[in-house]
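Taking it in order: structure first as structure tokens, then the write-up.
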Amino acid sequence: MSEVNELSDFIRDMIKEDLATGRFDRVQTRFPPEPNGYLHIGHVKAIAMDFGVAEQFNGVCSLRFDDTNPAKEEEEYVDAIMEDIRWLGYDWEDRLFFASDYFDQLYEFALEMIKAGKAYVDDLSADEIREYRGTLTEPGKDSPHRNRSVEENLELFERMKEGEFEKGARVLRAKIDMASPHINLRDPVMYRILHEEHHRTGDKWCIYPMYDWAHGQSDSMEGVTHSLCSIEYKNHRPLYDWFLDQLGIFHPQQIEFARFNMTYTVMSKRRLVRLVKEGYVHGWDDPRMITLAGMRRAGISPEAIIKFIEHVGVGLSLSTIQHSKFDHFVRDDLNQRTNRVNGVLKPLKVVLTNYPDDQVEMMEFPNHPDDPSRGVREVPFTRELYIEEGDFMEEPHKKFWRLAPGREVRLRYGYLITCTDVIKDGKGEIVEIHCTIDPDTRGGNAPDGRRVKGTLHWVSASHALDAEVRLYDRLFTHPFPKEAEGDFTDYINPDSLQVIENAKVEPSLKDAPVGNSYQFERVGYFCVDPDTTDEKLVFNRTIALRDSWAKIEKQFQK
RNA sequence: UGGGGAGUGGUGCAAUGGCAGCACAGAGGCCUUUGGAGCCUUUGAUCUUGGUUCGAGUCCAGGCUCCCCAGCCA
């Protein structure tokens with residue numbers, strides 16, 4: 001919103017400058033994914049930059065699929081990518097483009113280049129081309145086919161297009177400088193032969209443009225003014241500029257910015273694929289994945305993701321964002337967004353021995369304690385309740401201020417209760433706790449003003465709904481899994497998913513819609529998983545509440 | 001090693017020759033019917049060596065460290 005419009009970084013500064021000097025009188029950007037995988041949080045930086053900049057400067061942003069490699073790309077990804085971008089809240093309106101839409105024009109441009117003596121057909125094999133390219137420190141050498149006549153090049157290129165040659169037999173290369181210190185300028189390949197069906201052009205073509213040949217011209221044809229991209233393309237900018245200058249067509253300004261990494265996860269497509277293919281997670285939308293599909297299923301909102309991205313900053317150096325920063329924005333968003341409910345993960349039965357057996361009282365709960373406008377709901381209170389197992393300690397240490405024998409605590413918006421007995425089975429396991437209520441404390445306050453430190457959440461045993469709760473945690477135990485010794489999969493967190501089959505939640509959750517998020521008070525944020533059926537509620541833990549108790553507790557463990 | 005980039009608290013981002021600031025994390029406190037949230041306080045940084053200047057994170061020169069490029073991938 002308005003906050004977005006106040007964003008400032010070196011890219012926006014450059015654009016302001018371009019507008020001020022009249023170099024451009026409008027702003028047009030584009031998000032150019034390759035449809036060969038799912039979008040993840042790293043892509044959001046580019047998406048938010050492309051669409052955000054356009055919005056900020058009253059320009060437009062289009063979506064263009066750079067689908068120049070039919071061997072890797074699939075329609076399935078096109079649809080998934082569009083869904084993810086829409087979910088984030090961005091709109092390309094009628095500006096949906098494909099690099100494959102430009103194959104004809106690109107072919108014409110190539111002809112132009114050949115006629116101008118700026119491109120040639122090379123018969124060298126891939127290995128030979130690599131050899132001829134030289135190394136970082138030694139110049140390359142000219143291909144023996146570099147000086148073919150225009151006529152011969154035209155004829156050969158035509159025959160490439162007509163499918164006369166096998167895959168890899170020949171390529172079209174730009175004729176620049178095999179001794180250039182910029183490797184990308186050592187006669188880069190423009191077209192290669194690929195007898196592959198393209199997801200949009202079918203079998204029309206058997207030669208396909210390289211990304212480097214397609215990208216700049218695509219931007220140019222669309223009228224992109226500012227072509228924002230990640231930093232690895234900085235080395236390619238001289239090439240894009242060269243192509244544009246040779247062709248003499250509209251010249252967009254490319255501006256690069258750095259990607260980022262996050263601790264306790266992996267961001268590369270290759271590693272994400274392995275997590276899915278090798279079964280470490282249950283799919284691309286597994287809530288532990290930092291894919292948009294995964295984060296969506298985890299219950300993280302697009303607003304939280306974008307706000308986080310706005311705070312990672314924009315620069316030219318590779319940064320590593322701490323996972324705790326991401327967690328902060330997820331919690332901050334959910335704290336404001338969610339209604340509070342009661343959910344008990346590990347139920348411990350409490351019997352209120354002085355409470356009538358057949359009595360049901362409806363207790364009033366605010367839906368959001370810090371926002372009265374969200375209203376209230378009624379929660380049934382009865383003689384038998386469930387509380388959290390961890391909220392009772394038979395032999396409490398001095399910092400534990402919840403329930404213990406002889407202790408009085410508050411049942412939130414219920415009554416003050418005092419523990420009188422601990423009932424155990426033959427093996428010494430606690431089966432239930434007996435307590436008495438103070439009938440004068442309905443709602444949770446004592447008329448005599450005495451204060452109790454502990455406040456517990458609870459559900460009525462006879463009214464509670466059964467639920468499956470999936471407790472997700474960070475996927476890796478190491479902050480830098482890919483840099484740690486061994487394979488990154490060695491550091492998968494074995495406790496990244498813990499399934500609780502028999503959690504108890506309050507009855508108001510009966511028809512909770514899939515995707516809805518709640519705060520289970522004192523526990524964490526949860527959303528309704530699509531696996532939910534009429535018979536069974538399934539919740540995903542998006543993230544736990546900040547837990548300052550955990551720190552204290554550690555001190556008391558030997 | 002050739003070329004292209006980057007070095008500011010633990011992490012990330014600002015400061016555009018003039019008091020090194022913000023966020024997250026950390027520490028302490030207040031408040032609390034969530035050990036949540038909120039509020040207050042606080043620890044902690046300019047890669048290095050020279051130079052220019054009244055004054056340098058910023059300008060200049062050298063050094064060091066890290067990232068990217070040698071796909072018929074994008």
Side-chain angles (χ1 to χ4, degrees), chain A residues 8-9 13 32-34 36 66-69 71-73 122 124-127 129-131 133-140 167-173 180-186 188-194 207-208 210-212 214-215 229-238 256 258 260 263 269 308 311-329 331-332 335-336 340 342 366 368-370 399-402 410-414 416 443-445 451-457 519-525 544-553:
Chain A
S8 171
D9 51 61
D13 289 346
E34 183 189 17
N36 74 339
D66 275 334
D67 52 354
T68 53
N69 187 353
K72 289 187 172 179
E73 295 146 7
D122 197 351
L124 255 29
S125 71
D127 284 344
I129 285 183
R130 188 181 315 120
E131 271 173 44
R133 188 155 31 224
T135 68
L136 293 180
T137 50
E138 305 155 30
K167 176 186 177 192
R170 287 179 225 264
V171 291
L172 183 72
R173 300 177 74 175
S180 173
H182 300 272
I183 304 257
N184 289 315
L185 260 23
R186 315 239 262 232
V189 172
M190 296 163 66
Y191 273 94
R192 75 286 215 189
I193 297 169
L194 250 29
I207 56 170
Y208 289 93
M210 296 288 290
Y211 173 89
D212 276 351
H215 190 78
C229 63
S230 50
I231 203 155
E232 62 266 33
Y233 294 105
K234 211 172 179 82
N235 290 329
H236 296 243
R237 177 146 49 97
E256 309 83 8
F260 68 97
T263 57
K269 191 174 290 175
F308 163 72
H311 278 80
V312 315
V314 183
L316 290 172
S317 57
L318 180 68
S319 54
T320 301
I321 311 297
Q322 292 180 332
H323 204 288
S324 56
K325 185 162 199 146
F326 180 63
D327 292 345
H328 166 80
F329 286 99
R331 284 200 185 96
D332 191 52
N335 177 43
Q336 299 166 52
R340 267 98 259 227
N342 294 292
H368 191 122
D370 305 326
K399 287 278 183 67
F400 186 87
W401 63 61
R402 307 174 197 174
R410 170 168 37 237
L411 294 178
R412 194 153 155 88
Y413 299 112
L416 299 188
N445 282 314
R451 308 185 76 87
V452 291
K453 190 123 195 198
T455 300
L456 312 185
H457 60 284
Q519 185 196 93
F520 287 8
E521 287 206 72
R522 303 209 307 132
V523 180
Y525 296 99
L545 247 30
R546 275 190 61 179
D547 189 2
S548 47
W549 160 248
K551 247 181 294 179
I552 299 165
E553 197 175 29

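Asp212(A) has its CG atom 13 Å from the P atom of C69(B), to the nearest Å. Counting to the nearest Å, the C1' atom of A70(B) and the CD1 atom of Ile183(A) are 4 Å from each other. As rounded to whole Å, 20 Å separates atom P of G2(B) from atom CZ of Arg133(A). Protein atom CG of Asn235(A) is 17 Å distant from nucleotide atom P of A74(B), rounded to whole Å. Spacing between atom NE2 of His368(A) and atom C1' of U32(B) amounts to 14 Å, rounded to whole angstrom units. For Phe308(A) and C13(B), the CZ to P distance is 12 Å, given to the nearest whole Å. Computed from coordinates, the Glu521(A) CD to G36(B) C1' distance equals 9 Å when rounded to whole Å. Atom CG of Asn335(A) is separated from atom P of U34(B) by 13 Å (rounded to the nearest Å).
At the heavy-atom level, Thr137(A) lies under 4.0 Å from base atoms of the strands shown. Among the protein residues, Ile321(A) comes within range of the sugar-phosphate backbone only, with heavy atoms under 4.0 Å from sugar or phosphate atoms but none that close to a base. Using a 4.0 Å heavy-atom distance criterion, Arg237(A) is classed as making no nucleic acid contact. Residue contacts for Tyr208(A): at a heavy-atom cut-off of 4.0 Å it reaches no nucleic acid atom on any strand shown. Counting non-hydrogen atoms under 4.0 angstrom, Lys399(A) reaches a base of the nucleic acid. Here Pro369(A) lies in heavy-atom contact (under 4.0 Å) with a base. Among the protein residues, Gln322(A) comes within range of the nucleic acid bases, having at least one heavy atom under 4.0 Å from a base atom. Leu185(A) comes within 4.0 angstrom of nothing in the nucleic acid, heavy atoms only. Phe400(A) comes within contact range of at least one nucleobase, with a heavy-atom separation under 4.0 Å. Residue Asp370(A) is in base contact, counting any heavy-atom pair closer than 4.0 Å across all strands shown. Among the atoms of the strands shown, base atoms are found under 4.0 Å from some heavy atom of His236(A). Note on Ile129(A): a base of the nucleic acid sits closer than 4.0 angstrom, heavy atoms only. As judged by a 4.0 angstrom heavy-atom cut-off over every strand, Leu136(A) is placed among the base-contacting residues. Here Asp327(A) lies out of heavy-atom contact (under 4.0 Å) with every strand.
G62(B): glycosidic angle beyond 90° from 0, hence anti.
Look at the P atom in both G18(B) and A56(B): the space between them is 11 Å, to the nearest Å. With both ends at atom P, the span from C59(B) to G2(B) equals 24 Å, rounded to whole Å. Taking atom P on both nucleotides, U65(B) is separated from U49(B) by 16 Å, rounded to a whole Å. The P atoms of G3(B) and G63(B) are separated by 13 Å, rounded to the nearest whole Å. Separation of the P atoms belonging to U58(B) and U53(B) is 16 Å when rounded to the nearest angstrom. Comparing C68(B) with G36(B), their C1' atoms are spaced 44 Å from each other, to the whole Å. G9(B) and G21(B) have their P atoms separated by 14 Å, with the value rounded to a whole Å. Nucleotides A14(B) and A45(B) place their C1' atoms 13 Å apart, quoted to the nearest Å.
Residue Arg522(A) places at least one side-chain N or O closer than 4.0 Å to OP1 or OP2 of G35(B). One finds a side-chain N or O of Arg546(A) lying less than 4.0 angstrom from the OP1 or OP2 phosphate oxygen of A37(B). In this structure, Lys325(A) does not reach the C13(B) phosphate: none of its side-chain N or O atoms is under 4.0 Å from OP1 or OP2. At the phosphate of A14(B), neither OP1 nor OP2 sits under 4.0 Å from any side-chain N or O atom of Ser8(A). Under 4.0 angstrom from either OP1 or OP2 of G71(B) there lies no side-chain N or O belonging to Arg192(A). Applying the 4.0 Å criterion to OP1 and OP2 of G36(B), one finds that Ser548(A) has a side-chain N or O inside that range. Between U34(B) and Arg340(A), no contact under 4.0 Å exists linking OP1 or OP2 to a side-chain N or O. In this model, the phosphate group of C24(B) is approached by a side-chain N or O of His328(A) to a distance below 4.0 Å at OP1 or OP2.
With hydrogens and angles disregarded, a donor-acceptor distance shorter than 3.5 Å links the side chain of Arg331(A) to the backbone of Ala544(A). For Arg186(A) (side chain) and Arg133(A) (main-chain N/O), a donor-acceptor pair under 3.5 Å exists by modelled atom type.
With RNA chain B read from its 5' end, the first of the two nearest nucleotides for Val189(A) and Val314(A) is the one closest to Val314(A). Between Asn445(A) and Ala126(A), the residue anchored closer to the 5' end of RNA chain B is Asn445(A), taking for each the nucleotide with the nearest heavy atom.
Set against G3(B), U34(B), C13(B), the side chain of Pro181(A) has G3(B) as its closest nucleotide. Side-chain atoms of Arg451(A) lie closest to U32(B) of the nucleotides U32(B), A6(B), G2(B). The Arg130(A) side chain lies nearest to A70(B) when the options are A70(B), U34(B), A6(B).
Residue Asn69(A) holds its CG atom at 8.5 Å from CG of Asn36(A), rounded to the nearest 0.5 Å. Atom CG of residue Asp66(A) and atom CD of residue Glu73(A) lie 8.5 Å apart, to the nearest 0.5 angstrom. With values rounded to the nearest 0.5 angstrom, Thr263(A) atom OG1 is found 11.0 Å from Phe326(A) atom CZ. In this structure, Glu256(A) CD and Glu232(A) CD are separated by 10.0 Å, a value rounded to the nearest 0.5 Å. With rounding to the nearest 0.5 angstrom, the CG atom of Asn235(A) is 8.5 Å from the NE2 atom of His182(A). In this structure, NE2 in His311(A) is found 7.5 Å from NE2 in His328(A), a value given to the nearest 0.5 Å.
Evaluation of atom-type donor-acceptor distances gives no pair under 3.5 Å for the side chain of Asn184(A) against the base of G71(B).
For the 3.5 Å distance criterion, the side chains of Arg412(A) and Thr455(A) fail to qualify, holding no donor opposite an acceptor.
With a cut-off of 3.5 Å on both pairing distances, the Watson-Crick and G-U wobble pairs of RNA chain B assemble into stems of 3 or more at B:2-7 with B:64-69, B:10-13 with B:21-24, B:26-30 with B:38-42, B:47-51 with B:59-63.
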**Request:** Please step through side-chain contact (heavy atoms from CB on, under 4.5 Å) for the pair Val171(A) and Met210(A), ending with a clear verdict.
**Result:** CA-CA 10 Å; Val171(A) 291; Met210(A) 296 288 290; over 6 Å; no

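Scanning for salt bridge (Lys or Arg N to Asp or Glu O under 4.0 Å) contacts around Arg546(A) gives an empty result, with sequence neighbours left out.
Aromatic stacking is marked for Trp401(A) over G35(B), as both cut-offs hold: 5.5 Å for the centres and 30° for the planes.
Looking at Lys72(A) and Glu34(A), no side-chain N of the basic residue comes within less than 4.0 Å of a carboxylate O on the acidic one, giving no salt bridge.
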